[in-house]
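Residue numbers run from 1 in the order of the sequence given.
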Amino acid sequence: MISRLLNRAQRRRELQSPAWFADYSLALAALAIALLGVAMNYSSTWRSLSFEGGDPWTVARRQAIFVGLGVVAMVVAAVVDYRVLRAYATHAYLAALAALGALLFWAPEIRNARSWFVLPVFGFQVQPSEFAKLVVIVSLAAFVASHEGYLRFDTLFNAGVLLVVPMVLIYLQPDLGTMLVFVAVAMGMLLVAGAQVRHIVVITLIGILLLVLVFSIDAFQGPRLLNETQRNRLTAFLDQDFEPLEASYNLRQSQIAIGAGGIWGQGWKQGTQTNLDLVPEQHNDFIFTALGEEFGLVGGTVLLALYAYMTLRIWQIARVASDPFGRLLTVGILSMLLFQVFQNIGMTIGIMPITGIPLPLMSHGGSGTITAFAAVGIVISVGARRYTL
């Protein structure tokens with residue numbers, strides 16, 4: 001009797017629309033962070049834009065447009081069955097490689113890197129490496145899902161090749177921050193997929209060896225793998241008295257701004273460091289400093305609470321996913337978002353190296369914002385279809 005009732009309830013759930021099981025609270029949390037990001041984009045740029053005689057709403061308006069496009073991407077990704085992505089994983093992967101390769105030849109050099117295409121009509125910049133993060137997650141999930149449970153070393157090697165090719169193209173831009181995100185994504189997905197600990201240890205040791213080589217040797221008797229500025233930025237957090245006017249300048253100004261916020265902050269648009277434009281790229285990589293200065297410990301705690309809620313909801317969806325592909329997709333997205341939050345906030349307070357990793361849904365940028373929203377939409381799609389096979 002009980003078994004028949006349970007089977008009947010299961011069939012009833014399978015017949016219901018996925019919209020009944022969608023996690024709307026996850027979408028609302030992502031939207032709340034994004035709207036806070038728009039507010040901080042405005043407060044961190046309005047004074048400098050006004051001083052230059054420009055429109056103080058320029059940056060915030062652009063970010064609001066990006067958020068709107070991101071919400072559309074999230075809705076589309078949530079409505080479409082995530083399993084469709086598996087059929088197009090190879091095509092998307094090859095397209096991502098083509099875009100990353102094209103950057104090296106046709107993209108203009110911006111801030112010493114070839115990471116953006118500039119759209120001639122609106123002047124917007126498109127960063128293919130942001131979309132490549134999501135494409136690599138889908139591709140790895142599709143590949144590893146067929147080997148889940150027991151991953152042999154040859155399978156891990158093939159997954160590594162799948163990961164290394166876009167990483168090399170991104171290194172050549174150069175964009176070291178995005179490379180680190182790829183590593184975090186791969187480790188999270190492989191652990192959940194059933195990779196053996198000894199294989200993970202070997203991969204970690206190889207990664208450490210490559211890191212040492214990057215910092216110490218010349219490549220083919222030519223220029224070093226990292227130039228002096230890149231090495232100094234990555235190691236400044238280890239010695240914060242090193243070259244305070246160069247490598248450690250951003251870190252020092254960031255710490256001063258966050259410290260000045262205290263418990264309650266100085267108020268929206270009232271931050272001294274922010275208004276004086278002392279923290280470079282404050283609406284991009286260092287947007288957390290504006291939040292810390294203007295809203296203090298309370299504002300930072302609220303933001304972290306929203307990220308923590310998103311983390312818990314995504315992990316719960318990963319646990320109840322109906323198939324290995326959906327579970328790996330969700331874990332990959334969780335790894336991407338978690339690492340970016342930890343790395344970005346960590347670098348602003350001096351516990352992580354300074355890299356160009358944006359704060360998800362907060363930092364200014366269309367490619368990163370749309371990618372983050374699309375990733376959340378995919379997670380919602382996985383959760384909404386947990387009762388269907």
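Nearest approach of Leu361 to Ala372, heavy atoms of both residues: CD2-CB, 3.6 Å. Across Val135 and Ala96, no two heavy atoms sit closer than the pair CG1-CB, 3.9 Å. Annotation for Gly271 and Gln266: closest pair CA-OE1, 3.5 Å, computed over non-hydrogen atoms. Between Trp268 and Ala39, the shortest heavy-atom distance links the atoms NE1-O, 3.2 Å. The two residues Arg313 and Asp23 have their closest heavy-atom pair at NE-OD2, 2.7 Å. In this structure, Thr274 and Ser44 approach most closely via the heavy-atom pair CG2-CA, 3.5 Å.
Between Leu251 and Met347 the shortest side-chain heavy-atom distance does not fall below 4.5 Å. Looking at heavy atoms from C-beta onward, Leu36 lies out of side-chain contact with Val302 at the 4.5 angstrom threshold. Looking only at side-chain heavy atoms (C-beta outward), Asn344 and Met362 stay at 4.5 Å or farther from each other. Between Leu176 and Thr355 there is no side-chain heavy-atom pair separated by less than 4.5 Å. Taking the side chain as every heavy atom from C-beta outward, Pro166 and Tyr93 approach each other to under 4.5 Å. Residues Ser50 and Arg47 fail the side-chain proximity criterion, which asks for heavy atoms closer than 4.5 Å. Between Tyr307 and Pro360, some side-chain heavy-atom pair lies under the 4.5 Å cut-off. Ile317 is not listed as a side-chain neighbour of Arg386, based on a closest heavy-atom distance of 4.5 Å or more.
Tracing side-chain contacts under 4.5 Å through hydrophobic residues (I, L, V, M, F, W, Y), one never reaches Val320 starting from Leu328; they form parts of separate clusters. Put simply, Leu306 and Val71 are part of the same group of oily side chains (I, L, V, M, F, W, Y) that touch within less than 4.5 Å, one to the next. Taken together through direct or relayed side-chain contacts under 4.5 Å among Ile, Leu, Val, Met, Phe, Trp and Tyr, Leu104 and Val165 form part of one hydrophobic cluster. By the rule that hydrophobic residues join a cluster once side-chain heavy atoms approach within less than 4.5 Å of another member, Ile351 and Ile287 end up as members of one cluster. Leu297 and Ile256 end up in different hydrophobic clusters when Ile, Leu, Val, Met, Phe, Trp and Tyr side chains are linked at under 4.5 Å.
Gln63 places a side-chain N or O within donor-acceptor distance of the main-chain N or O of Gly365, the cut-off being under 3.5 Å. With hydrogens and angles ignored, the 3.5 Å screen pairs a side-chain donor or acceptor of Thr289 with a backbone N or O of Phe286. Between the side chain of Gln343 and the main chain of Pro353, a donor-acceptor pair closer than 3.5 Å is present. Side-chain atoms of Ser367 come within 3.5 Å of backbone atoms of Gln127 as a donor-acceptor pair (strictly under, hydrogens ignored). When atom types are taken as modelled, the side chain of Ser48 and the backbone of Thr45 share a donor-acceptor pair closer than 3.5 angstrom.
Using bins of under 30°, 30° to 60° and over 60° for the plane-to-plane angle, the ring pair His364/His283 lands in the tilted bin.
Atom CD of Gln282 and atom CG of Asn41 lie 10.5 Å apart (nearest 0.5 Å). Rounding to the nearest 0.5 Å gives a distance of 10.0 Å between OG of Ser115 and CD of Glu109. The line from CG of Leu191 to CE of Met187 is 6.0 Å long, rounded to the nearest 0.5 Å. Note that CG of Leu312 is 11.0 Å distant from CE of Met310, once rounded to the nearest 0.5 Å. The CZ atom of Phe373 lies 14.0 Å from the CD1 atom of Ile378; values are rounded to the nearest 0.5 Å. Here the CD-CG distance, from Gln173 to Leu100, works out to 6.0 Å after rounding to the nearest 0.5 Å.
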Run the side-chain contact (heavy atoms from CB on, under 4.5 Å) check on Ile314 and Leu337 step by step: do they pass? CA-CA 10 Å; Ile314 294 174; Leu337 295 176; 4.0 Å; yes
Full working for side-chain contact (heavy atoms from CB on, under 4.5 Å) between Phe131 and Ile370: CA-CA 9 Å; Phe131 300 113; Ile370 294 172; 4.2 Å; yes
Begin with the C-alpha distance, continue with both residues' side-chain angles, and end with the deciding distance and a verdict on side-chain contact (heavy atoms from CB on, under 4.5 Å) for Phe339 and Ile357. CA-CA 10 Å; Phe339 179 78; Ile357 295 180; 3.8 Å; yes
Steps toward side-chain contact (heavy atoms from CB on, under 4.5 Å) verdict (Asn158, Leu162): CA-CA 6 Å; Asn158 293 331; Leu162 197 67; over 6 Å; no
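A side-chain hydrogen bond (donor to acceptor under 3.5 Å, both in side chains) with Ser43 is found for one member of Glu294, Glu293, Gln270, Lys269 and no other, namely Glu294. When the options Leu303, Asp285, Leu291 are evaluated for a side chain to side chain contact (heavy atoms under 4.5 Å, CB included) with Leu359, the one that passes is Leu303.
Judged as a side chain to side chain contact (heavy atoms under 4.5 Å, CB included), and not counting sequence neighbours, the contacts of Tyr82 are Ser322, Asp323, Phe325, Leu329, Ser381, Val382, Arg385.
Within a 6.0 Å radius of CZ in Arg319, other residues, nucleotides and ligands contribute 12 heavy atoms or fewer. For Phe117, the CZ atom counts as densely surrounded, since its 6.0 Å shell holds more than 12 non-hydrogen atoms of other residues, nucleotides or ligands.
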